[in-house]
Amino acid sequence: MSEEANAALVRRFYEEVWANGNLDVADEVFADDYERHDLRAGDPTPGPEGQKEIAAAFRAAFPDLAWEVDFILADGDLVAGRWTATGTHLGPWAGVEPTGRPMRFSGINVFRFSDGKAVEIWNHRDDLGLMQQLGAPVYAGAAE
């Protein structure tokens with residue numbers, strides 16, 4: 001597929017899965033055996049189902065989630081997308097009970113495509129900033 005087609009899939013993923021909650025679009029974007037590179041603890045379900053679970057949990061915690069695509073860049077089989085999310089913490093997330101606090105945070109994902117689907121994704125988000133906004137402990141050993 002072309003760089004433009006891959007970039008369009010990333011945009012569709014952000015707009016449909018994250019912004020609109022249409023989780024089934026993950027099936028169109030991710031290969032069944034894609035590899036996820038993420039510093040966040042946990043072991044998500046593999047394949048598109050894992051992406052659906054992650055998005056569903058986040059959207060449940062922030063039901064008024066707004067997702068803005070800041071930019072998308074494509075180079076060969078790689079696509080990078082930067083986004084900014086806003087919402088109100090109204091459900092449990094990452095071990096933090098609902099606080100009712102607003103949040104705004106950003107991240108960058110890098111996707112590698114093969115045969116029209118993402119086969120790898122690298123996630124880089126401002127998780128520390130998000131947790132600070134929620135009032136969660138963010139010092140070393142806080143989760144212990």
Side-chain angles (χ1 to χ4, degrees), residues 1-138 142-143:
M1 290 184 66
S2 69
E3 290 178 356
E4 293 80 16
N6 292 341
L9 272 178
V10 169
R11 181 172 297 282
R12 182 162 162 72
F13 172 63
Y14 289 151
E15 291 175 351
E16 290 295 327
V17 174
W18 286 101
N20 296 327
N22 184 1
L23 304 180
D24 289 335
V25 170
D27 294 319
E28 299 173 27
V29 177
F30 292 93
D32 290 339
D33 60 348
Y34 87 96
E35 187 172 355
R36 182 178 175 83
H37 306 281
D38 199 328
L39 298 176
R40 183 182 300 151
D43 192 21
T45 302
E49 291 304 316
Q51 283 291 336
K52 292 177 192 180
E53 289 172 9
I54 292 164
F58 196 81
R59 291 184 57 77
F62 301 92
D64 61 344
L65 181 66
W67 198 270
E68 180 181 336
V69 178
D70 300 322
F71 63 79
I72 295 177
L73 304 171
D75 184 17
D77 62 351
L78 298 173
V79 177
R82 185 180 190 280
W83 47 264
T84 299
T86 57
T88 309
H89 186 216
L90 300 177
W93 185 76
V96 180
E97 290 302 313
T99 62
R101 292 180 177 197
M103 66 81 181
R104 177 182 179 85
F105 86 121
S106 297
I108 293 178
N109 306 113
V110 178
F111 302 78
R112 185 174 68 83
F113 282 83
S114 179
D115 297 323
K117 293 210 175 184
V119 294
E120 285 186 275
I121 183 174
W122 291 265
N123 296 312
H124 303 277
R125 301 167 307 272
D126 182 15
D127 289 344
L128 176 62
L130 173 58
M131 297 304 272
Q132 286 176 320
Q133 292 174 65
L134 301 182
V138 292

Could you tell me which non-hydrogen atom of [X] sits nearest to which non-hydrogen atom of [Y], and how far apart they are?
X	Y	result
Ala60	Pro63	O-CD, 3.6 Å
Trp93	Ala61	CB-CB, 3.4 Å
Leu9	Gly116	CD1-O, 3.3 Å
Val79	Val10	CG1-CG2, 3.5 Å
Ile72	Ala7	CG2-CB, 3.8 Å
His89	Pro98	CE1-CA, 3.6 Å

Who are the ring pair (Phe, Tyr, Trp, His ring centres under 6.0 Å) partners of Phe113, not counting sequence neighbours?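 If we apply the ring pair (Phe, Tyr, Trp, His ring centres under 6.0 Å) test to Phe113, skipping adjacent residues, there are no hits.
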
Please report the interatomic distance [atom1]([X]) to [atom2]([Y]), rounded to the nearest 0.5 Å.
X	Y	atom1	atom2	value
His124	Ile108	NE2	CD1	8.0 Å
Asn20	Arg59	CG	CZ	7.0 Å
Lys117	Asn6	NZ	CG	12.5 Å
Trp122	Leu78	CH2	CG	6.5 Å
Leu23	Ile54	CG	CD1	11.5 Å
Gln132	Asp126	CD	CG	7.5 Å

Worked check of side chain to side chain contact (heavy atoms under 4.5 Å, CB included) between Arg112 and Ile121: CA-CA 6 Å; Arg112 185 174 68 83; Ile121 183 174; over 6 Å; no

Could you go through the side chain to side chain contact (heavy atoms under 4.5 Å, CB included) check for Arg11 and Val69 one step at a time? CA-CA 8 Å; Arg11 181 172 297 282; Val69 178; 3.7 Å; yes

Might you work through the side chain to side chain contact (heavy atoms under 4.5 Å, CB included) test for Glu120 and Tyr34, ending with a clear yes or no? CA-CA 5 Å; Glu120 285 186 275; Tyr34 87 96; over 6 Å; no

Check the orientation of Phe13 and Trp18. Use parallel for under 30°, tilted for 30 to 60°, and perpendicular for over 60°.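 Rings of Phe13 and Trp18: perpendicular, as their planes differ by over 60°.
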
Mind telling me whether Phe58 and Phe105 have parallel, tilted or perpendicular rings, with 30° and 60° as the class edges?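 Judged by the thresholds at 30° and 60°, the geometry between Phe105 and Phe58 is tilted.
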
Among pairs that include at least one residue of residues 61-73, which meet side-chain hydrogen bond (donor to acceptor under 3.5 Å, both in side chains), considering only residues two or more places apart or in two chains?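 For residues 61-73, and leaving out neighbouring residues, the side-chain hydrogen bond (donor to acceptor under 3.5 Å, both in side chains) pairs sorted by first residue read Asp64-Thr88, Asp70-Arg82, Asp70-Thr84.
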
So, using salt bridge (Lys or Arg N to Asp or Glu O under 4.0 Å) as the criterion, who are the partners of Arg36 when residues are at least two apart?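 Arg36 satisfies salt bridge (Lys or Arg N to Asp or Glu O under 4.0 Å) with Asp38 only.
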
Residue that, paired with Asn22, satisfies side chain to side chain donor-acceptor pair (under 3.5 Å) out of Glu16, Arg12, Glu15: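 Checked Glu16, Arg12, Glu15 against Asn22; only one passes side chain to side chain donor-acceptor pair (under 3.5 Å): Glu16.
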
Does any part of the side chain of Val119, heavy atoms only, come nearer than 4.5 Å to the side chain of Glu35, both counted from C-beta?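 They are not in contact (no side-chain heavy atoms under 4.5 Å apart), so the answer is no.
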
So do Met131 and Val96 actually touch side chain to side chain, heavy atoms under 4.5 Å?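 Result yes, sub-4.5 Å side-chain heavy-atom pair found.
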
Over 12 foreign heavy atoms within 6.0 Å of CG, Asp27: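 Result for CG/Asp27: enclosed.
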
Given side chain to side chain contact (heavy atoms under 4.5 Å, CB included), test Lys52 with Asp24 step by step and report yes or no. CA-CA 7 Å; Lys52 292 177 192 180; Asp24 289 335; 3.4 Å; yes

Using modelled atom types and a 3.5 Å cut-off, is there a donor and acceptor pairing between side-chain atoms of Glu3 and backbone atoms of Gly76?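 Yes, Glu3 side chain to Gly76 backbone: donor-acceptor pair under 3.5 Å.
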
